[in-house]
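Only this structure's heavy atoms are used, side chains among them; waters, hydrogens and symmetry mates stay out. The shown structure was predicted, so the numbers you read here are calculated from the model rather than taken from an experiment. Every number for a ligand or one of its atoms is a count from 1 in the order of the listing.
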Amino acid sequence: MAQYAHPPDPSGMPLGPRQRALLAVLQEANAELSGQELHERLRQGSQRHGLATVYRNLRLLQRSGLVRCRKLPSGESVYAPLERDDHHLTCVGCGHSEPLPICPVGTGGLGLTKVLPQGFKPLFHTFEIHGLCRSCQQSEPLAHG
Ligand SMILES: [Zn+2]
Ligand SMILES: [Zn+2]
């Protein structure tokens with residue numbers, strides 16, 4: 001049986017020790033982490049990681065197709081290892097965010113390969129739904145103002 005789209009093997013990539021440490025922290029975490037949070041966690045290790053270095057290495061890891069990134073409504077970017085293919089729906093009323101049960105962009109979803117221009121190499125994708133949760137739909141936002 002052929003193996004399709006499996007995540008790239010970090011051991012085969014020319015990663016520096018700081019990039020490996022960064023990736024390990026992301027893989028150990030069970031949630032997405034911001035650059036600040038990564039910086040905090042790395043400070044508990046033996047290597048020195050400046051915040052600017054953390055952001056530079058995050059960009060490199062994204063370019064290598066090992067780390068994905070999405071922007072929260074607050075404008076903050078959060079990072080996760082590429083193999084974690086999570087998507088969220090977020091309520092614009094109360095800010096509640098929850099994961100979708102499946103990836104709607106993957107195989108059998110939107111059919112990414114059909115819409116990509118030739119020669120473009122996809123590394124990762126983001127997909128989010130913004131709307132109003134059940135309880136925010138029931139409350140009239142302007143009635144009590
Ligand atoms: Zn809500
Ligand atoms: Zn996905």
Side-chain angles (χ1 to χ4, degrees), residues 1-42 44-45 49 51-145:
M1 274 287 257
Q3 276 261 308
Y4 301 102
H6 56 85
D9 176 13
S11 59
M13 309 291 261
L15 294 182
R18 284 187 173 75
Q19 290 152 22
R20 279 183 200 282
L22 203 54
L23 197 58
V25 172
L26 282 171
Q27 282 164 343
E28 278 163 26
N30 43 25
E32 299 160 301
L33 296 175
S34 69
Q36 277 287 359
E37 287 167 332
L38 274 163
H39 183 232
E40 280 297 309
R41 292 191 187 203
L42 284 163
Q44 292 153 18
H49 295 257
L51 188 57
T53 312
V54 168
Y55 281 114
R56 195 183 66 234
N57 283 328
L58 280 169
R59 276 199 301 278
L60 282 167
L61 287 168
Q62 278 184 76
R63 284 201 56 168
S64 309
L66 293 168
V67 164
R68 56 169 59 238
C69 164
R70 75 176 174 114
K71 260 201 163 69
L72 300 178
S74 65
E76 191 175 35
S77 294
V78 287
Y79 302 86
L82 196 85
E83 59 266 29
R84 210 177 299 148
D85 193 9
D86 289 341
H87 300 280
H88 297 79
L89 52 86
T90 301
C91 175
V92 298
C94 63
H96 175 74
S97 183
E98 63 181 83
L100 296 176
I102 58 157
C103 170
V105 188
T107 322
L110 299 178
L112 256 190
T113 49
K114 284 182 208 143
V115 297
L116 288 176
Q118 248 195 350
F120 185 85
K121 181 187 176 195
L123 293 173
F124 65 92
H125 59 264
T126 59
F127 179 85
E128 278 170 89
I129 299 175
H130 297 268
L132 288 167
C133 72
R134 204 182 286 253
S135 69
C136 286
Q137 286 176 59
Q138 281 159 5
S139 64
E140 294 287 329
L142 298 174
H144 310 291

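- Between the side chains of Glu37 and His39, not a single donor N or O lies within less than 3.5 Å of an accepting N or O.
- Note: angle at the Zn ion (ligand 2), from NE2 of His125 to SG of Cys103, is 110° (rounded to 10 degrees).
- Under the salt bridge (Lys or Arg N to Asp or Glu O under 4.0 Å) test applied with Glu32, the options Arg70, Arg84, Arg68 reduce to a single match, Arg70.
- One distance of note links CG of Leu60 with OG1 of Thr53; it measures 11.0 Å at 0.5 Å rounding.
- Judged purely by distance below 3.5 Å, without hydrogens or angles, the side chains of Asp85 and His125 pair a donor atom with an acceptor atom.
- Here Arg41 contributes atom CZ and Leu22 contributes atom CG; the two are 12.0 Å apart, rounded to the nearest 0.5 Å.
- Note on the Zn ion (ligand 1): protein N/O/S atoms under 2.8 Å are Cys91 SG, Cys94 SG, Cys133 SG, Cys136 SG.
- Taking the N/O/S atoms of Asp85 in turn, the shortest distance to the Zn ion (ligand 2) belongs to OD1.
- Going from atom CG of Leu61 over to atom CZ of Arg18 covers 13.5 Å, rounded to the nearest 0.5 Å.
- Here SG of Cys91 is found 8.5 Å from NE2 of His96. Values are rounded to the nearest 0.5 Å.
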